Amino acid sequence: MSKLSPSLKGLIKAPFARPGPTPAPRNIEAVYTKIADEARERKYGEKPWLALSAAATFTLNSPSSLDSLLTLASSRWQRPSCSSSSSSSSSSSSSSSPSSSLSSSSKPLSTLLEPAEFIREIGLKCISFNGIPRTINSLNAFRSHLSSAHPHLCAHLSTTPTRQTTPQNIASVHARGRQLWESVYTPLDAKLEAKLAEAHPDLPVHILGSHYGPLLSDLASEERNGLGGSVGRSLTSVVAIACLRAQTGVGPQVLSHVFGLRKAVEQGAHVHEFAGKGENETGGQKSEEAEGIERLASDEGCEWILRSVDAISEAMAAAQDGNGGGFATPMRKRESKL
């Protein structure tokens, strides 16, 4: 293989081109903690804050920040929902030292494994909104962190692929993608597909056949081969909102997926996704997680998603030193002149 000239290699690595990832901000754990505390206080559930935080972090190209995110998530994973009074006390204690209790030897395996698998699954789905390269780099860096910080965990991470398309499952994969597409964009799904086809005849073919079917839609439980971290219909919309908000410049798509989250609730997808997981669920009652998704899909909840992503983006922007970033340059907060 021919060698590259020093000048070409220098240009590839030029600081102005931001060839590297965004470093983890010094205050990123505090930013994540504030978001997690607010989610608990507002009773949105534990998974939504982790979903939006992970999606924004992948988008903003900060793999090292995922380490802090896992630390915080594992300290809170599967805790029961708290009342407003107990939430305030637990929030203040966790805010003071969110990572003080975590060690690879003292934490139960499930409190690390489940959020780690969830973060990995979100990173995979980010491909549909951010592209492949930053997901490759971030997931590789995340796995490297797990290997060094939690070596006992890696042997339990899923290694069996589940999204291969075969002659036997191609019809069901396409049907799954079509179902998700219609769920997100109804009643404009057919009109949008036709508009995309006008832009390029293969655009809707690729979007539905390569993304909505095999990637964004979730497999049935019996097809997952033990893979943990299922994201689900409603949280996939949260991931989409977070990625696109952090990416900037794609307001129409942010709006579409805000409506997509609303439609997930209107269609009852959240009830099915969280069936049997609430402490108070008996008979036909909705779980606490499902009720949290309903609150999240409100105007107030969607504003909270956007402002939370903005807070992560602002922290990432402050951490940049000219050597990190990418197409999704973290936004800096500006004072309104209106």
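Since we're looking at a predicted model, the values are computed, not measured. FYI, side chains are in, hydrogens and waters are out, and symmetry mates aren't considered; it's all heavy atoms of this structure.
- Atom OG1 of residue Thr248 and atom CG of residue Asp310 lie 10.5 Å apart, to the nearest 0.5 angstrom.
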Listed pairs under 3.5 Å, donor-acceptor, residues 297-304 side chains, sequence neighbours left out:
| from | atom 1 | to | atom 2 | distance (Å) |
| --- | --- | --- | --- | --- |
| Ser298 | OG | Arg295 | O | 2.6 |
| Ser298 | OG | Gly301 | N | 3.1 |
| Asp299 | OD1 | Arg262 | NH2 | 2.3 |
| Glu300 | OE2 | Arg42 | NH1 | 3.3 |
| Trp304 | NE1 | Glu38 | OE1 | 2.9 |
| Trp304 | NE1 | Ser308 | OG | 3.4 |

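- Counting only heavy atoms from C-beta outward, the side chains of Leu157 and Arg143 approach each other to under 4.5 Å.
- For the atom pair Arg307 CZ and Arg245 CZ, the distance stands at 8.5 Å (nearest 0.5 Å).
- Linking Ile, Leu, Val, Met, Phe, Trp and Tyr residues whenever their side-chain heavy atoms come within less than 4.5 Å places Leu113 and Phe118 in a single cluster.
- Here the shortest heavy-atom pairing between Leu112 and Leu70 reads O-CD1, 4.0 Å.
- Side-chain atoms of Glu273 come within 3.5 Å of backbone N or O of Arg233 as a donor-acceptor pair.
- A donor-acceptor pair under 3.5 Å is absent between the side-chain atoms of Ser210 and the main chain of Ile207, judged by distance alone.
- Nearest heavy-atom pair, Gly123 versus Thr135, reported as atom, atom and distance to 0.1 Å: O-OG1, 2.9 Å.
- Using a 4.5 Å heavy-atom cutoff, the side chains of Thr57 and Phe142 are not in contact.
- How far OG1 of Thr165 is from CD1 of Ile170: 5.0 Å, rounded to the nearest 0.5 Å.
- Considering only residues two or more places apart in sequence or on other chains, Tyr212 meets the ring-ring contact (aromatic ring centres under 6.0 Å, His included) condition with Trp181.
- Using a 4.5 Å heavy-atom threshold, the side chains of Gln164 and Pro161 count as touching.
- At least one donor-acceptor pair closer than 3.5 Å links the side chain of Ser62 to the backbone N or O of Thr22.
- Note on Leu216 and Leu208: same hydrophobic cluster, where clusters join Ile, Leu, Val, Met, Phe, Trp and Tyr whose side-chain heavy atoms are under 4.5 Å apart, directly or indirectly.
- When the side chains of ILVMFWY residues are joined at heavy-atom separations under 4.5 Å, either directly or via intervening members, Leu72 and Leu109 end up in a single hydrophobic cluster.
- Taking the side chain as every heavy atom from C-beta outward, Leu235 and Pro48 approach each other to under 4.5 Å.
- Thr59 and Ala246 get closest at one heavy-atom pair: CG2-CB, 3.8 Å.
- Considering all non-hydrogen atoms of both residues, Pro25 and Ser65 come closest at CD-OG, 3.6 Å.
- The two residues His257 and Ile241 come nearest to each other via the heavy atoms O-CD1, 3.5 Å.
- In this structure, the separation between NE2 on His270 and NZ on Lys286 is 5.0 Å, given to the nearest 0.5 Å.
- Under a 4.0 Å N-O distance rule, the pair Glu182/Arg176 does not qualify as a salt bridge.
- Using modelled atom types, one side-chain atom of Arg163 and one backbone atom of Pro214 make a donor-acceptor pair closer than 3.5 Å.
- For Asn169 and Thr166, the side-chain atoms include at least one donor-acceptor pair closer than 3.5 Å.
- The residues Glu117 and Arg120 are annotated as salt-bridged, a charged nitrogen and a carboxylate oxygen being separated by less than 4.0 angstrom.
- When Val309, Asn130, Ile312 are each tested for a side chain to side chain contact (heavy atoms under 4.5 Å, CB included) with Leu60, only one passes: Ile312.
- Between the side chains of Ser7 and Ser5, at least one donor-acceptor pair of N or O atoms lies under 3.5 Å.
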Would you please test Glu121 and Lys47 for salt bridge (charged side-chain N to carboxylate O under 4.0 Å, His left out) and show each step?
-> CA-CA 13 Å; Glu121 189 73 2; Lys47 282 191 172 182; over 6 Å; no
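- Considering every non-hydrogen atom in both Gln247 and Val250, the closest pair reads OE1-CG1, 4.1 Å.
- Through direct or indirect side-chain contacts shorter than 4.5 Å among Ile, Leu, Val, Met, Phe, Trp and Tyr, Leu124 is connected to Ile127, Ile132, Ile136, Leu215.
- With hydrogens and angles ignored, the 3.5 Å screen pairs no side-chain donor or acceptor of Ser144 with any backbone N or O of Asn140.
- The line from CZ of Phe259 to CG of Leu188 is 9.5 Å long, rounded to the nearest 0.5 Å.
- Between the side chain of Ser287 and the main chain of Phe274, a donor-acceptor pair closer than 3.5 Å is present.
- Ser64 contributes a side-chain N or O that, together with a main-chain N or O of Ala24, makes up a donor-acceptor pair within less than 3.5 Å.
- Looking at Glu288 and Lys43, no side-chain N of the basic residue comes within less than 4.0 Å of a carboxylate O on the acidic one, giving no salt bridge.
- The side-chain heavy atoms of Leu50 and Pro115, taken from C-beta on, include a pair separated by under 4.5 Å.
- Under a 3.5 Å cut-off, the side chain of Asp218 and the backbone N or O of Ser230 do not form any donor-acceptor pair.
- Between Ile35 atom CD1 and Trp49 atom CH2 the span is 8.5 Å, to the nearest 0.5 Å.
- Checked by atom type and distance alone, the side chain of Lys263 never pairs as donor or acceptor with a backbone atom of Ser183 at under 3.5 Å.
- Side-chain N or O atoms of His200 include one that pairs as donor or acceptor with a backbone N or O of Asp202 at under 3.5 Å.
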Verdict with reasoning, Tyr32 to Thr71, per side-chain hydrogen bond (donor to acceptor under 3.5 Å, both in side chains) = CA-CA 10 Å; Tyr32 291 147; Thr71 296; over 6 Å; no
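- Counting non-hydrogen atoms of other residues, nucleotides and ligands closer than 6.0 Å to OH of Tyr185 gives a total above 12.
- Proximity of Val238 to Ile293: side-chain heavy atoms (C-beta onward) are nowhere separated by under 4.5 Å.
- Comment: Glu193 engages Arg178 in a salt bridge, judged by a side-chain N to carboxylate O separation of less than 4.0 angstrom.
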